[in-house]
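Atoms within each ligand, like the ligands themselves, are counted from 1 in listed order.
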Amino acid sequence: MAELTIPDSAPPADATDGVWLACIECDEPYPPFDAVRYRCEECDGLLEVRYADHPTFEAFDGHGVWRYAAALPLDDGVRLAEGGTPLYSAPRLADDLGVADLHVKHEGLNGTGSFKDRGMTVGVAVASHLGVERLACASTGNTSAALAAYGARAGMETLVLLPAGKVAAGKVAQAALHGARILEVDGNFDDCLDVVAALADAGEAYLLNSINPFRLEGQKTIAFEILEEHRERTGTYPDRIVLPVGNAGNTAALYKAFRELVAAGALDPAAVPTLTGVQAAGSAPFVAAVEDGSETVDRWDEVETIATAIRIGSPANARKALPGIRETGGTAIAVSDDAITDAQRELAESGIGVEPASAASLAGLRKLRERGVVDGDESVVCLTTGHLLKDPAAAAAAGTDPEPVPADVDGVLAHLGG
Ligand SMILES: *Cc1c(COP(=O)(O)O)cnc(C)c1O
Ligand SMILES: [Zn+2]
(Lines give C-alpha, C1' and ligand atoms only; values in the text may rest on other atoms or scores of the structure.)
(Ligands and ions follow the chains in the order given, each with its own letter.)
Protein backbone atom coordinates (compact mmCIF):
# COMPACT_ATOMS: atom_id res chain seq x y z
CA MET A 1 0.00 0.00 0.00
CA ALA A 2 1.23 3.49 -0.85
CA GLU A 3 1.81 6.11 1.84
CA LEU A 4 -1.15 8.27 2.75
CA THR A 5 -0.49 11.92 1.98
CA ILE A 6 -0.93 14.02 5.10
CA PRO A 7 -1.20 17.72 4.17
CA ASP A 8 0.62 19.84 6.71
CA SER A 9 0.19 23.46 5.69
CA ALA A 10 0.32 25.78 8.71
CA PRO A 11 -2.91 27.44 9.90
CA PRO A 12 -3.28 30.97 8.50
CA ALA A 13 -3.47 33.80 11.03
CA ASP A 14 -7.21 34.13 10.36
CA ALA A 15 -8.11 30.47 10.98
CA THR A 16 -11.11 30.07 13.32
CA ASP A 17 -10.49 27.79 16.32
CA GLY A 18 -7.79 25.90 14.43
CA VAL A 19 -10.04 25.42 11.37
CA TRP A 20 -9.38 26.81 7.89
CA LEU A 21 -9.92 26.05 4.20
CA ALA A 22 -7.08 25.20 1.85
CA CYS A 23 -6.76 24.52 -1.86
CA ILE A 24 -5.96 20.87 -2.58
CA GLU A 25 -3.88 21.91 -5.60
CA CYS A 26 -1.74 24.83 -4.36
CA ASP A 27 -2.31 24.79 -0.55
CA GLU A 28 -3.47 28.44 -0.56
CA PRO A 29 -5.23 28.92 2.82
CA TYR A 30 -8.48 30.80 3.44
CA PRO A 31 -10.36 31.72 6.62
CA PRO A 32 -13.25 29.25 6.93
CA PHE A 33 -16.32 31.37 7.54
CA ASP A 34 -15.56 34.91 6.32
CA ALA A 35 -17.08 34.62 2.85
CA VAL A 36 -18.86 32.30 0.46
CA ARG A 37 -16.12 30.48 -1.42
CA TYR A 38 -16.20 27.15 -3.27
CA ARG A 39 -12.91 27.15 -5.16
CA CYS A 40 -9.38 28.50 -4.85
CA GLU A 41 -9.07 32.13 -5.93
CA GLU A 42 -5.53 31.47 -7.17
CA CYS A 43 -5.94 28.32 -9.27
CA ASP A 44 -9.65 27.32 -9.20
CA GLY A 45 -8.78 24.10 -7.33
CA LEU A 46 -11.18 22.36 -4.95
CA LEU A 47 -11.04 23.47 -1.32
CA GLU A 48 -10.88 21.23 1.73
CA VAL A 49 -11.33 21.88 5.44
CA ARG A 50 -8.10 21.62 7.45
CA TYR A 51 -7.52 21.45 11.19
CA ALA A 52 -4.63 22.36 13.48
CA ASP A 53 -5.32 19.20 15.53
CA HIS A 54 -6.95 15.86 14.84
CA PRO A 55 -8.82 13.93 17.54
CA THR A 56 -8.33 10.25 18.44
CA PHE A 57 -11.29 7.91 18.99
CA GLU A 58 -11.38 8.80 22.72
CA ALA A 59 -12.66 12.28 21.83
CA PHE A 60 -15.85 10.88 20.28
CA ASP A 61 -18.97 10.91 22.41
CA GLY A 62 -22.73 10.59 21.81
CA HIS A 63 -24.64 9.18 18.83
CA GLY A 64 -24.84 9.96 15.11
CA VAL A 65 -22.89 12.53 13.11
CA TRP A 66 -22.34 14.89 16.05
CA ARG A 67 -20.66 12.17 18.08
CA TYR A 68 -17.71 13.20 15.91
CA ALA A 69 -17.94 16.96 16.56
CA ALA A 70 -14.26 17.01 17.59
CA ALA A 71 -13.40 16.15 13.97
CA LEU A 72 -15.85 18.63 12.41
CA PRO A 73 -15.60 22.36 11.68
CA LEU A 74 -18.56 23.29 13.94
CA ASP A 75 -19.64 22.09 17.40
CA ASP A 76 -23.21 21.57 16.29
CA GLY A 77 -25.35 21.51 13.17
CA VAL A 78 -28.84 21.80 11.82
CA ARG A 79 -30.09 18.51 13.18
CA LEU A 80 -32.63 15.88 12.29
CA ALA A 81 -31.42 12.35 13.07
CA GLU A 82 -28.40 11.94 10.78
CA GLY A 83 -25.90 9.11 11.06
CA GLY A 84 -25.77 6.25 13.54
CA THR A 85 -26.82 3.84 10.78
CA PRO A 86 -26.58 0.05 11.20
CA LEU A 87 -23.67 -2.13 10.13
CA TYR A 88 -25.39 -5.40 9.25
CA SER A 89 -23.48 -8.65 9.14
CA ALA A 90 -24.26 -10.63 5.99
CA PRO A 91 -22.93 -14.16 6.57
CA ARG A 92 -24.94 -15.84 3.79
CA LEU A 93 -23.73 -13.29 1.24
CA ALA A 94 -20.16 -13.66 2.56
CA ASP A 95 -20.34 -17.44 1.98
CA ASP A 96 -21.84 -17.02 -1.44
CA LEU A 97 -19.17 -14.49 -2.52
CA GLY A 98 -16.37 -16.43 -0.86
CA VAL A 99 -15.01 -13.72 1.44
CA ALA A 100 -14.06 -14.20 5.08
CA ASP A 101 -16.50 -11.66 6.37
CA LEU A 102 -19.04 -9.21 4.89
CA HIS A 103 -20.85 -6.31 6.53
CA VAL A 104 -23.26 -3.86 4.95
CA LYS A 105 -23.28 -0.27 6.20
CA HIS A 106 -26.81 0.82 5.34
CA GLU A 107 -26.91 4.57 4.83
CA GLY A 108 -30.48 4.25 3.56
CA LEU A 109 -31.51 4.40 7.21
CA ASN A 110 -30.67 8.07 7.58
CA GLY A 111 -33.72 10.31 8.11
CA THR A 112 -34.29 11.20 4.45
CA GLY A 113 -33.13 7.77 3.30
CA SER A 114 -29.57 8.45 2.13
CA PHE A 115 -26.13 9.42 3.42
CA LYS A 116 -26.65 12.95 2.04
CA ASP A 117 -28.08 13.93 5.46
CA ARG A 118 -24.62 13.64 7.01
CA GLY A 119 -23.27 16.36 4.76
CA MET A 120 -26.32 18.59 5.01
CA THR A 121 -26.35 18.78 8.82
CA VAL A 122 -22.93 20.46 8.53
CA GLY A 123 -23.35 22.30 5.22
CA VAL A 124 -26.70 23.91 6.04
CA ALA A 125 -25.35 24.98 9.46
CA VAL A 126 -22.42 26.71 7.74
CA ALA A 127 -24.87 28.37 5.33
CA SER A 128 -26.89 29.71 8.21
CA HIS A 129 -23.66 30.85 9.91
CA LEU A 130 -22.71 32.74 6.72
CA GLY A 131 -26.14 34.39 6.68
CA VAL A 132 -27.05 33.37 3.12
CA GLU A 133 -30.69 33.55 2.07
CA ARG A 134 -31.16 30.79 -0.45
CA LEU A 135 -29.76 27.26 -0.66
CA ALA A 136 -29.37 25.39 -3.93
CA CYS A 137 -28.12 22.16 -5.44
CA ALA A 138 -28.10 20.12 -8.61
CA SER A 139 -29.10 16.57 -7.88
CA THR A 140 -29.76 13.08 -9.16
CA GLY A 141 -32.37 13.06 -6.38
CA ASN A 142 -31.04 12.31 -2.93
CA THR A 143 -29.11 15.54 -2.49
CA SER A 144 -32.30 17.45 -3.29
CA ALA A 145 -34.33 15.41 -0.77
CA ALA A 146 -31.76 16.00 1.99
CA LEU A 147 -31.26 19.67 1.17
CA ALA A 148 -35.02 20.26 1.09
CA ALA A 149 -35.43 18.65 4.53
CA TYR A 150 -32.46 20.38 6.19
CA GLY A 151 -33.29 23.70 4.50
CA ALA A 152 -36.83 23.39 5.86
CA ARG A 153 -35.44 22.58 9.30
CA ALA A 154 -33.31 25.72 9.18
CA GLY A 155 -36.21 27.80 7.86
CA MET A 156 -34.34 28.64 4.65
CA GLU A 157 -35.44 28.87 1.02
CA THR A 158 -34.30 25.93 -1.12
CA LEU A 159 -33.87 25.58 -4.87
CA VAL A 160 -33.11 22.24 -6.52
CA LEU A 161 -32.21 21.54 -10.14
CA LEU A 162 -33.05 18.04 -11.37
CA PRO A 163 -32.51 16.33 -14.73
CA ALA A 164 -36.05 16.04 -16.14
CA GLY A 165 -37.39 12.48 -16.18
CA LYS A 166 -34.25 10.99 -14.62
CA VAL A 167 -34.98 11.22 -10.90
CA ALA A 168 -36.61 8.36 -8.96
CA ALA A 169 -40.14 9.08 -7.72
CA GLY A 170 -39.45 8.88 -3.97
CA LYS A 171 -36.78 11.56 -4.15
CA VAL A 172 -38.84 14.10 -6.11
CA ALA A 173 -41.72 13.52 -3.68
CA GLN A 174 -39.45 14.33 -0.72
CA ALA A 175 -38.08 17.52 -2.25
CA ALA A 176 -41.62 18.58 -3.14
CA LEU A 177 -43.18 17.97 0.27
CA HIS A 178 -40.32 19.62 2.17
CA GLY A 179 -41.10 22.70 0.11
CA ALA A 180 -38.15 23.09 -2.24
CA ARG A 181 -38.63 24.91 -5.53
CA ILE A 182 -37.93 22.16 -8.07
CA LEU A 183 -36.50 23.21 -11.41
CA GLU A 184 -36.63 20.39 -13.95
CA VAL A 185 -33.77 20.91 -16.36
CA ASP A 186 -33.83 19.65 -19.92
CA GLY A 187 -30.41 18.04 -19.59
CA ASN A 188 -28.46 15.56 -17.46
CA PHE A 189 -27.04 15.96 -13.93
CA ASP A 190 -23.79 17.49 -15.17
CA ASP A 191 -25.76 20.19 -17.05
CA CYS A 192 -27.74 20.91 -13.85
CA LEU A 193 -24.48 21.30 -11.90
CA ASP A 194 -23.05 23.68 -14.52
CA VAL A 195 -26.17 25.88 -14.23
CA VAL A 196 -26.41 25.89 -10.43
CA ALA A 197 -22.66 26.54 -10.05
CA ALA A 198 -23.07 29.61 -12.28
CA LEU A 199 -26.08 30.75 -10.19
CA ALA A 200 -23.96 30.34 -7.04
CA ASP A 201 -21.05 32.27 -8.56
CA ALA A 202 -23.49 35.07 -9.39
CA GLY A 203 -24.45 35.21 -5.69
CA GLU A 204 -27.99 33.93 -6.31
CA ALA A 205 -27.73 30.96 -3.94
CA TYR A 206 -25.41 29.05 -1.60
CA LEU A 207 -24.25 25.86 -3.30
CA LEU A 208 -24.65 22.60 -1.40
CA ASN A 209 -23.34 20.12 -3.92
CA SER A 210 -20.43 18.00 -2.79
CA ILE A 211 -17.84 20.47 -4.12
CA ASN A 212 -18.91 22.33 -0.98
CA PRO A 213 -16.07 21.29 1.34
CA PHE A 214 -18.21 21.38 4.49
CA ARG A 215 -20.53 18.63 3.24
CA LEU A 216 -17.68 16.18 2.93
CA GLU A 217 -16.75 16.81 6.57
CA GLY A 218 -20.12 15.43 7.65
CA GLN A 219 -19.72 12.48 5.30
CA LYS A 220 -16.36 11.60 6.94
CA THR A 221 -18.39 10.26 9.84
CA ILE A 222 -19.36 7.22 7.73
CA ALA A 223 -15.73 6.10 8.02
CA PHE A 224 -15.58 6.77 11.76
CA GLU A 225 -18.72 4.73 12.34
CA ILE A 226 -17.56 1.82 10.18
CA LEU A 227 -14.20 1.64 11.95
CA GLU A 228 -15.64 1.91 15.46
CA GLU A 229 -18.44 -0.55 14.90
CA HIS A 230 -16.38 -3.08 12.97
CA ARG A 231 -13.74 -3.05 15.70
CA GLU A 232 -16.37 -3.53 18.38
CA ARG A 233 -18.02 -6.36 16.42
CA THR A 234 -14.96 -8.27 15.17
CA GLY A 235 -11.96 -6.87 17.03
CA THR A 236 -10.42 -5.52 13.81
CA TYR A 237 -10.92 -2.97 11.06
CA PRO A 238 -12.21 -4.09 7.66
CA ASP A 239 -9.63 -4.83 4.95
CA ARG A 240 -11.74 -3.18 2.27
CA ILE A 241 -14.65 -0.77 1.87
CA VAL A 242 -16.60 -1.00 -1.41
CA LEU A 243 -18.79 1.94 -2.36
CA PRO A 244 -20.74 3.33 -5.32
CA VAL A 245 -19.19 6.35 -7.02
CA GLY A 246 -21.11 9.25 -8.54
CA ASN A 247 -19.40 12.58 -7.87
CA ALA A 248 -16.88 10.66 -5.71
CA GLY A 249 -17.63 12.83 -2.67
CA ASN A 250 -17.94 9.84 -0.36
CA THR A 251 -14.74 8.29 -1.68
CA ALA A 252 -12.97 11.59 -0.94
CA ALA A 253 -14.62 11.89 2.49
CA LEU A 254 -13.67 8.38 3.63
CA TYR A 255 -10.09 8.91 2.46
CA LYS A 256 -9.95 12.21 4.37
CA ALA A 257 -11.23 10.52 7.55
CA PHE A 258 -8.48 7.89 7.27
CA ARG A 259 -5.77 10.51 6.71
CA GLU A 260 -6.92 12.48 9.73
CA LEU A 261 -7.00 9.41 11.97
CA VAL A 262 -3.51 8.47 10.80
CA ALA A 263 -2.32 12.05 11.45
CA ALA A 264 -3.78 11.82 14.98
CA GLY A 265 -1.91 8.56 15.59
CA ALA A 266 -5.28 6.84 16.08
CA LEU A 267 -4.99 4.53 13.06
CA ASP A 268 -2.00 2.51 11.88
CA PRO A 269 -1.42 3.34 8.17
CA ALA A 270 -1.22 -0.42 7.52
CA ALA A 271 -4.77 -0.82 8.90
CA VAL A 272 -6.38 1.70 6.54
CA PRO A 273 -9.10 -0.11 4.55
CA THR A 274 -8.66 -0.39 0.80
CA LEU A 275 -11.08 1.99 -0.93
CA THR A 276 -12.84 0.35 -3.85
CA GLY A 277 -15.18 2.35 -6.09
CA VAL A 278 -17.99 0.97 -8.26
CA GLN A 279 -19.77 2.65 -11.15
CA ALA A 280 -22.44 1.55 -13.60
CA ALA A 281 -20.95 0.56 -16.96
CA GLY A 282 -23.00 3.21 -18.77
CA SER A 283 -21.65 5.93 -16.51
CA ALA A 284 -18.08 5.02 -15.60
CA PRO A 285 -15.67 7.92 -16.23
CA PHE A 286 -14.07 7.47 -12.78
CA VAL A 287 -13.33 3.80 -13.47
CA ALA A 288 -11.75 4.79 -16.77
CA ALA A 289 -9.47 7.26 -14.95
CA VAL A 290 -8.44 4.69 -12.32
CA GLU A 291 -7.70 2.13 -15.05
CA ASP A 292 -5.58 4.69 -16.93
CA GLY A 293 -3.74 5.74 -13.76
CA SER A 294 -4.87 9.29 -14.55
CA GLU A 295 -4.98 12.21 -12.07
CA THR A 296 -8.11 13.64 -13.68
CA VAL A 297 -11.34 12.30 -15.13
CA ASP A 298 -12.50 12.90 -18.70
CA ARG A 299 -16.15 13.91 -18.78
CA TRP A 300 -18.60 11.51 -20.42
CA ASP A 301 -21.30 13.53 -22.20
CA GLU A 302 -23.66 10.58 -22.60
CA VAL A 303 -24.44 8.55 -19.48
CA GLU A 304 -27.18 6.01 -18.83
CA THR A 305 -27.96 3.52 -16.06
CA ILE A 306 -30.81 2.18 -13.94
CA ALA A 307 -28.78 3.46 -10.96
CA THR A 308 -29.91 7.06 -11.45
CA ALA A 309 -28.18 8.27 -8.25
CA ILE A 310 -24.81 7.66 -9.93
CA ARG A 311 -25.77 8.68 -13.46
CA ILE A 312 -22.98 11.26 -13.55
CA GLY A 313 -20.50 11.92 -16.36
CA SER A 314 -18.13 14.32 -14.64
CA PRO A 315 -17.35 13.34 -11.02
CA ALA A 316 -16.85 16.69 -9.32
CA ASN A 317 -14.60 15.37 -6.54
CA ALA A 318 -12.36 13.20 -8.70
CA ARG A 319 -9.24 15.21 -7.80
CA LYS A 320 -9.88 14.51 -4.12
CA ALA A 321 -10.91 10.89 -4.55
CA LEU A 322 -8.41 9.45 -7.05
CA PRO A 323 -5.46 9.71 -4.59
CA GLY A 324 -7.64 7.93 -2.00
CA ILE A 325 -8.11 4.94 -4.30
CA ARG A 326 -4.42 4.87 -5.21
CA GLU A 327 -2.92 5.45 -1.76
CA THR A 328 -5.08 2.83 -0.06
CA GLY A 329 -4.18 0.26 -2.72
CA GLY A 330 -7.75 0.20 -4.02
CA THR A 331 -9.30 0.03 -7.42
CA ALA A 332 -12.53 0.85 -9.28
CA ILE A 333 -14.77 -1.31 -11.41
CA ALA A 334 -17.80 -0.93 -13.68
CA VAL A 335 -20.81 -3.26 -13.45
CA SER A 336 -23.78 -3.82 -15.77
CA ASP A 337 -27.32 -2.72 -14.91
CA ASP A 338 -28.34 -6.40 -14.81
CA ALA A 339 -25.62 -7.12 -12.23
CA ILE A 340 -26.87 -4.14 -10.19
CA THR A 341 -30.43 -5.47 -10.22
CA ASP A 342 -29.23 -8.97 -9.24
CA ALA A 343 -27.28 -7.47 -6.32
CA GLN A 344 -30.28 -5.39 -5.26
CA ARG A 345 -32.31 -8.61 -5.12
CA GLU A 346 -29.56 -10.47 -3.22
CA LEU A 347 -29.36 -7.75 -0.57
CA ALA A 348 -33.14 -7.73 -0.28
CA GLU A 349 -33.09 -11.51 0.24
CA SER A 350 -30.92 -10.80 3.32
CA GLY A 351 -33.50 -8.27 4.51
CA ILE A 352 -31.54 -5.23 3.36
CA GLY A 353 -33.60 -2.97 1.09
CA VAL A 354 -31.56 -0.59 -1.05
CA GLU A 355 -31.95 1.49 -4.19
CA PRO A 356 -30.08 0.42 -7.37
CA ALA A 357 -27.02 2.72 -6.98
CA SER A 358 -26.40 1.23 -3.54
CA ALA A 359 -26.47 -2.31 -4.87
CA ALA A 360 -23.63 -1.42 -7.24
CA SER A 361 -21.28 -1.90 -4.27
CA LEU A 362 -22.21 -5.58 -3.90
CA ALA A 363 -22.22 -6.12 -7.67
CA GLY A 364 -18.71 -4.66 -7.84
CA LEU A 365 -17.49 -6.81 -4.97
CA ARG A 366 -18.80 -9.94 -6.69
CA LYS A 367 -17.06 -9.07 -9.95
CA LEU A 368 -13.75 -8.28 -8.22
CA ARG A 369 -13.95 -11.50 -6.22
CA GLU A 370 -14.59 -13.49 -9.41
CA ARG A 371 -11.55 -11.86 -11.00
CA GLY A 372 -9.43 -12.65 -7.96
CA VAL A 373 -8.75 -8.97 -7.22
CA VAL A 374 -10.47 -9.42 -3.86
CA ASP A 375 -9.00 -12.30 -1.83
CA GLY A 376 -11.05 -14.98 -0.11
CA ASP A 377 -9.57 -14.09 3.29
CA GLU A 378 -10.71 -10.45 3.17
CA SER A 379 -13.05 -8.80 5.60
CA VAL A 380 -15.20 -6.45 3.52
CA VAL A 381 -17.74 -3.68 4.13
CA CYS A 382 -20.15 -2.71 1.35
CA LEU A 383 -21.59 0.78 1.67
CA THR A 384 -25.25 0.96 0.63
CA THR A 385 -26.08 4.60 0.12
CA GLY A 386 -29.86 4.86 -0.24
CA HIS A 387 -33.13 3.19 0.80
CA LEU A 388 -35.21 0.81 -1.33
CA LEU A 389 -38.25 3.13 -1.24
CA LYS A 390 -36.31 5.91 -2.98
CA ASP A 391 -36.96 4.15 -6.28
CA PRO A 392 -40.19 2.16 -5.94
CA ALA A 393 -40.40 1.48 -9.68
CA ALA A 394 -36.97 -0.19 -9.77
CA ALA A 395 -37.77 -2.24 -6.66
CA ALA A 396 -41.13 -3.42 -8.03
CA ALA A 397 -39.55 -4.36 -11.36
CA ALA A 398 -36.78 -6.35 -9.63
CA GLY A 399 -39.10 -8.15 -7.21
CA THR A 400 -41.85 -10.74 -7.39
CA ASP A 401 -45.07 -10.03 -9.32
CA PRO A 402 -48.43 -9.76 -7.54
CA GLU A 403 -50.74 -12.72 -8.26
CA PRO A 404 -54.47 -11.96 -8.70
CA VAL A 405 -56.73 -14.21 -6.60
CA PRO A 406 -60.48 -14.26 -5.79
CA ALA A 407 -61.70 -12.91 -2.43
CA ASP A 408 -62.43 -16.33 -0.89
CA VAL A 409 -60.33 -18.92 0.95
CA ASP A 410 -61.10 -21.80 -1.40
CA GLY A 411 -60.03 -19.73 -4.37
CA VAL A 412 -56.82 -18.66 -2.59
CA LEU A 413 -56.06 -22.27 -1.55
CA ALA A 414 -56.71 -23.47 -5.08
CA HIS A 415 -54.34 -20.80 -6.38
CA LEU A 416 -51.62 -21.68 -3.85
CA GLY A 417 -52.04 -25.41 -4.55
CA GLY A 418 -52.04 -24.93 -8.29
C1 LIG B 1 -25.23 10.66 -3.95
C2 LIG B 1 -25.34 9.18 -4.06
C3 LIG B 1 -24.28 8.38 -4.51
C4 LIG B 1 -23.01 8.96 -5.03
O5 LIG B 1 -22.16 9.43 -4.04
P6 LIG B 1 -20.89 10.34 -4.40
O7 LIG B 1 -20.41 10.79 -3.11
O8 LIG B 1 -21.40 11.44 -5.28
O9 LIG B 1 -19.93 9.46 -5.15
C10 LIG B 1 -24.44 7.01 -4.50
N11 LIG B 1 -25.60 6.45 -4.12
C12 LIG B 1 -26.64 7.17 -3.69
C13 LIG B 1 -27.90 6.47 -3.30
C14 LIG B 1 -26.54 8.56 -3.65
O15 LIG B 1 -27.60 9.28 -3.26
ZN1 LIG C 1 -5.18 26.82 -5.51
Side-chain angles (χ1 to χ4, degrees), residues 7 9 21-30 37-48 105-110 112-120 137-147 167-168 170-171 174 189-190 193 208-212 215-216 218-220 222-223 242-256 275 277-280 283-287 297 305-322 324-325 332 340 344 353-361 364 382-391 394:
S9 60
L21 292 172
C23 172
I24 65 159
E25 307 290 351
C26 75
D27 279 334
E28 180 69 18
Y30 299 94
R37 195 180 277 117
Y38 312 104
R39 290 185 172 274
C40 177
E41 288 164 14
E42 303 297 322
C43 78
D44 206 39
L46 293 170
L47 300 178
E48 69 177 10
K105 177 67 169 168
H106 194 11
E107 285 295 295
L109 294 184
N110 277 286
T112 77
S114 85
F115 71 84
K116 299 298 196 303
D117 294 12
R118 293 183 189 262
M120 291 307 174
C137 70
S139 179
T140 58
N142 284 330
T143 300
S144 71
L147 181 61
V167 178
K171 307 174 187 184
Q174 288 177 290
F189 167 82
D190 305 288
L193 186 57
L208 275 159
N209 279 95
S210 57
I211 65 160
N212 183 310
R215 258 191 56 191
L216 298 192
Q219 291 173 211
K220 281 190 321 198
I222 297 173
V242 186
L243 74 167
V245 174
N247 275 308
N250 259 345
T251 313
L254 268 60
Y255 166 52
K256 190 167 191 286
L275 283 174
V278 186
Q279 294 198 297
S283 181
F286 188 83
V287 173
V297 172
T305 168
I306 188 178
T308 50
I310 51 172
R311 186 175 171 274
I312 291 169
S314 179
N317 287 295
R319 292 282 299 157
K320 289 182 172 179
L322 286 167
I325 298 281
I340 288 173
Q344 188 187 20
V354 308
E355 66 167 287
S358 308
S361 59
C382 281
L383 187 67
T384 56
T385 41
H387 196 278
L388 178 156
L389 289 174
K390 290 286 194 170
D391 192 342

Peer 1: Going by distance alone, is a donor N or O of one side chain under 3.5 Å from an acceptor N or O of the other, for T385 and S358?
Peer 2: yes
Peer 1: Show which atoms of ligand 1 fall inside a sub-4.0 Å distance from at least one heavy-atom site of V245.
Peer 2: 9 (O)
Peer 1: Nearest protein heavy atom to atom 11 (N) of ligand 1, by residue and atom, and its distance?
Peer 2: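 In this structure, atom 11 (N) of ligand 1 has T385 OG1, 2.7 Å as its nearest protein heavy atom.
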Peer 1: Out of all atoms in ligand 1, which are within 4.0 Å of some heavy atom of A357? Include the element for each.
Peer 2: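 Numbered from 1, ligand 1 contributes 11 (N).
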Peer 1: I need the contact type for K390 against ligand 1. Using non-hydrogen atoms and a strict under-4.0 Å cut-off, is it side chain, backbone, both or neither?
Peer 2: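 Neither; nothing of K390 gets under 4.0 Å from ligand 1.
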Peer 1: Would you give the length of the straight line joining atom OG1 of T143 to atom NZ of K171, rounded to the nearest 0.5 angstrom?
Peer 2: 9.0 Å
Peer 1: So is there a nitrogen or oxygen of G246 less than 3.5 Å from a nitrogen or oxygen in ligand 1?
Peer 2: yes
Peer 1: How far is atom 5 (O) of ligand 1 from the closest protein heavy atom, and which atom is that?
Peer 2: F115 CZ, 3.5 Å
Peer 1: Please determine whether side-chain contact (heavy atoms from CB on, under 4.5 Å) holds for the pair V167 and T308, giving the CA-CA distance in whole Å, both sets of side-chain angles, and the decisive distance to 0.1 Å.
Peer 2: CA-CA 7 Å; V167 178; T308 50; over 6 Å; no
Peer 1: Taking heavy atoms and a distance under 4.0 Å, where does A248 meet ligand 1: side chain, backbone, both or neither?
Peer 2: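 Within the 4.0 Å criterion, A248 contacts ligand 1 through backbone atoms alone.
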Peer 1: Given 3.5 Å as the limit, does a donor-acceptor pair link the side chain of T384 with the main chain of K105, or not?
Peer 2: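 Looks like yes, one N/O pair under 3.5 Å.
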Peer 1: Any donor-acceptor pair under 3.5 Å linking the side-chain atoms of N317 with those of S210?
Peer 2: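 Yes, because at least one side-chain N or O of S210 sits under 3.5 Å from a partner of the opposite role on N317.
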Peer 1: Any chance the side chains of K256 and Q219 put a donor and an acceptor closer than 3.5 Å?
Peer 2: no
Peer 1: What atoms of ligand 1 come within less than 4.0 Å of a heavy atom belonging to I310?
Peer 2: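 What qualifies from ligand 1 is 3 (C), 4 (C), 10 (C).
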Peer 1: Counting N and O atoms only, with roles assigned by atom type, does the side chain of D391 sit under 3.5 Å from a partner on the main chain of A168, one being a donor and the other an acceptor?
Peer 2: no
Peer 1: With respect to Q219, determine whether any N or O atom, backbone or side chain, lies less than 3.5 Å from an N or O atom of ligand 1.
Peer 2: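 N/O-N/O distance below 3.5 Å does not exist for this pair.
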Peer 1: Would you give the angle at the Zn ion (ligand 2) between C23 atom SG and C40 atom SG, to the nearest 10°?
Peer 2: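 Centred on the Zn ion (ligand 2), the SG/SG angle is 110° (to 10°).
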Peer 1: Quiz question: by atom type and distance under 3.5 Å, do the side chains of E107 and N250 form a donor-acceptor pair?
Peer 2: no
Peer 1: For atom 1 (C) of ligand 1, what's the nearest protein heavy-atom neighbour? Residue, atom name and distance, please.
Peer 2: K116 NZ, 1.4 Å
Peer 1: Please report which non-hydrogen protein atom sits nearest to atom 7 (O) of ligand 1, along with the residue it belongs to and the distance in Å to one decimal place.
Peer 2: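 Of every protein heavy atom, N250 N, 2.8 Å lies nearest to atom 7 (O) of ligand 1.
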Peer 1: Determine whether the side chain, the backbone, both or neither of N317 has a heavy atom under 4.0 Å from any heavy atom of ligand 1.
Peer 2: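 Near ligand 1, N317 shows nothing, with every heavy atom at 4.0 Å or more.
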Peer 1: Nearest 0.5 Å, what's the CG-CG distance between L193 and N209?
Peer 2: 5.0 Å
Peer 1: Nearest protein heavy-atom contact for atom 8 (O) of ligand 1: which residue, which atom, what distance?
Peer 2: N247 N, 2.8 Å
